[in-house]
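First the structure, in the form of structure tokens, and then the observations on it.
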Protein chains: 2
Amino acid sequence: MSWSKDGRRSYHHGNLREALVAAAVRLIGEKGPGGFTFAEAARAAGVSPAAPYRHFRDRDALLADVAAQGFDRFTAALEAAWNDGAPDPLAALERLGRAYLDFARREPAYYAAMFEANLPADLHQEVTRAGDAAFAVLRRAADAVCDRLPTDRRPPALMVALHVWSLAHGIAALFGRDGTRRKLPMTPEELLEAGVLVYLEGLGLRPE
Amino acid sequence: MSWSKDGRRSYHHGNLREALVAAAVRLIGEKGPGGFTFAEAARAAGVSPAAPYRHFRDRDALLADVAAQGFDRFTAALEAAWNDGAPDPLAALERLGRAYLDFARREPAYYAAMFEANLPADLHQEVTRAGDAAFAVLRRAADAVCDRLPTDRRPPALMVALHVWSLAHGIAALFGRDGTRRKLPMTPEELLEAGVLVYLEGLGLRPE
DNA sequence: CAGCTCATGTGAAAGCTTTTAACATGAGGG
DNA sequence: CCCTCATGTTAAAAGCTTTCACATGAGCTG
């Protein structure tokens, strides 16, 4: 709570910006992006309610920072799961799907900030850039998958990427988190994997 | 503004409950479910900020009412589009998908209340019931589609319904509304139709 | 029709939040 | 050493939520 190392309270926090982001992530995880409060994040960091304004223009700017950071972590997680498509694109795509849902479940705060925050268009800049990077991973995976098809039956990789993304996001949003409304007779991972398998079959791709 | 027919101001509104719901729908449409305010809905209806509490336990209860009413309208729209699967289930399924996206675009306020409001579990009762009715339409459509497959290659209709719902919701959430982040080289409707066609092909169903 | 009752409205108030403005502190450079 | 400016603080305005006591009048009841 902003004490300096020797035990005295320090006027300057030291790394308030990061502390606020961390507090925001925790609070969003507990009460959703709507319930998150600038003032409460300040309290959690041990500073006055006005202090955060030295680091973020307003509440939305902090939310946007969380979203951008979330997309960065998301990108890293997807990238690791894809692993350049090894050993083969289809197996790697399945890992990618699992990683997608895994992120949504394990980091609900980030996921909510990324997709459910409804940020105003002003500060979308950085968030959009980070989101594009995440989508690029999916796009590369779709490229690799499509490359396995003969050119005369090869669908647009962008479309395939959009389909996979939409299905994954739909499942994550509807059934992905533990507290979600509806109960399933299967795990979200199984649902996504089955859906992608049927879809790939429809493209003419069959796992060996 | 709560004037009686002869021009005098009336102490009692008459149908405040409905007026509040209508105001909430308009406000959610303008500023999202997060930006919506109980007090502003009261102003729009021409009553004091305390008046809504005679009709709704709190702000969330009004939001839940909007969500439930949204699901009811959604159900009706899907039902009309499905039209008992005439003339054939595959053509009807395409109409169903279009109707899904159409609703999300034309009634963003309802759609947001239904899927992005993050209502607390207390008053989920009525919302869940209304949501189940909407899903039942999709479920019946999946049944009809699956019936066209020989029993030895027939997938669980519930799974098919969940796949179609997830894909439709994913597309609606990511690209469905006009102000959404990402631009597409196609309409959401085209994206959904293409995805469902590939998926059905994967199930072994081909439109004649 | 008089009168009662209770659903539905009002006003005031407490406690929260956001945001701005003026002021305070102290870390680090010249 | 001291000056500056980034980074805190306090104070205050404005708005929202929610509750409480109180007001009103629509409709039943005798």
Side-chain angles (χ1 to χ4, degrees), chain A residues 1-24 26-28 30-66 117-120 122-123, chain B residues 1-24 26-28 30-66 117-120 122-123:
Chain A
M1 275 221 182
S2 74
W3 303 83
S4 55
K5 290 164 197 158
D6 57 353
R8 289 179 304 101
R9 198 182 193 306
S10 68
Y11 193 91
H12 291 291
H13 183 287
N15 57 344
L16 180 55
R17 187 183 178 93
E18 293 168 27
L20 287 172
V21 172
R26 186 171 53 75
L27 292 172
I28 295 169
E30 289 170 5
K31 310 192 284 185
F36 152 70
T37 265
F38 220 29
E40 193 167 358
R43 267 197 306 278
V47 296
S48 78
Y53 289 85
R54 296 297 176 196
H55 299 274
F56 300 95
R57 186 155 50 88
D58 57 15
R59 186 182 167 284
D60 281 344
L62 173 49
L63 226 45
D65 217 74
V66 172
N118 260 7
L119 299 167
D122 317 13
L123 20 82
Chain B
M1 279 223 183
S2 72
W3 304 83
S4 54
K5 290 164 197 157
D6 57 354
R8 289 179 304 102
R9 196 182 194 306
S10 69
Y11 192 89
H12 291 293
H13 184 287
N15 58 344
L16 180 53
R17 187 184 179 92
E18 291 167 29
L20 287 172
V21 172
R26 187 172 51 76
L27 291 172
I28 295 170
E30 288 170 6
K31 311 192 285 188
F36 152 70
T37 263
F38 220 30
E40 193 166 357
R43 266 198 306 277
V47 295
S48 79
Y53 289 85
R54 297 295 176 196
H55 299 273
F56 301 96
R57 186 154 51 86
D58 56 17
R59 186 180 166 284
D60 280 345
L62 174 48
L63 225 46
D65 217 74
V66 172
N118 259 9
L119 298 168
D122 317 14
L123 18 83

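Below, chains carry the letters A, B, ... as their sequence lines are ordered, and counting in each starts from 1.
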**Item:** B:H13 vs C:dA7: side-chain N/O to OP1/OP2 distance below 4.0 Å
**Value:** no

**Message:** Can you identify which nucleotide, out of D:dT10, C:dG9, D:dT17, has its nearest atom closest to the B:L16 side chain?
**Reply:** C:dG9

**Prompt:** Rounded to whole angstroms, how far apart are CZ on B:R57 and P on D:dT18?
**Reply:** 10 Å

**Prompt:** Between CG of A:N15 and NE2 of A:H55, what distance do you get to the nearest 0.5 Å?
**Reply:** 9.0 Å

**Asked** OP1 or OP2 of D:dC16 less than 4.0 angstrom from a side-chain nitrogen or oxygen of B:R43, does that happen here?
**Response** yes

**Item:** Between D:dT17 (P) and B:F56 (CZ): distance, integer Å
**Value:** 14 Å

**Protein-nucleotide distance (B:N15, atom CG; C:dT8, atom C1'), rounded to Å** = 13 Å

**Item:** Nearest-angstrom distance from the residue atom CG of B:L20 to C1' of C:dG9
**Value:** 12 Å

**Asked** Counting any heavy atom closer than 4.0 Å, what does A:F38 reach on the DNA or RNA strands: base, sugar-phosphate only, or nothing?
**Response** sugar-phosphate

**Prompt:** Across the strands shown, which category fits B:A39 at heavy-atom distances under 4.0 angstrom: base, sugar-phosphate, nothing?
**Reply:** sugar-phosphate

**Request:** Provide, to the nearest angstrom, the distance between the CG atom belonging to B:D58 and the P atom belonging to C:dC16.
**Result:** 18 Å

**B:L63 CG - D:dT17 C1' separation (whole Å)** = 14 Å

**Prompt:** Does B:P49 offer a backbone N or O that forms a donor-acceptor pair with the side chain of B:R43 under 3.5 Å?
**Reply:** no

**Request:** Inspect the contact between A:R26 and A:E40 and indicate whether a charged nitrogen and a carboxylate oxygen are less than 4.0 angstrom apart.
**Result:** no

**Interatomic distance where OH belongs to B:Y53 and P belongs to D:dA21 [whole Å]** = 17 Å

**Message:** Base, sugar-phosphate or nothing for B:S48? Non-hydrogen atoms, less than 4.0 Å.
**Reply:** base

**Prompt:** Does a nitrogen or oxygen in the side chain of A:H55 sit under 4.0 Å from OP1 or OP2 of D:dA6?
**Reply:** no

**Asked** Okay, side chain of B:R17, backbone of B:R54: is any donor-acceptor separation there less than 3.5 Å?
**Response** no

**Item:** Side chain to side chain, B:T37 and B:L27, heavy atoms closer than 4.5 Å
**Value:** no

**Request:** Return the nearest nucleotide to the side chain of A:R59; candidates are C:dG9, D:dT17, C:dT19.
**Result:** C:dT19

**Prompt:** Between B:R54 (CZ) and D:dT18 (P), how many Å, whole number?
**Reply:** 15 Å

**Message:** What contact category does A:G35 fall into here, base, sugar-phosphate, or nothing, at under 4.0 angstrom with non-hydrogen atoms?
**Reply:** nothing

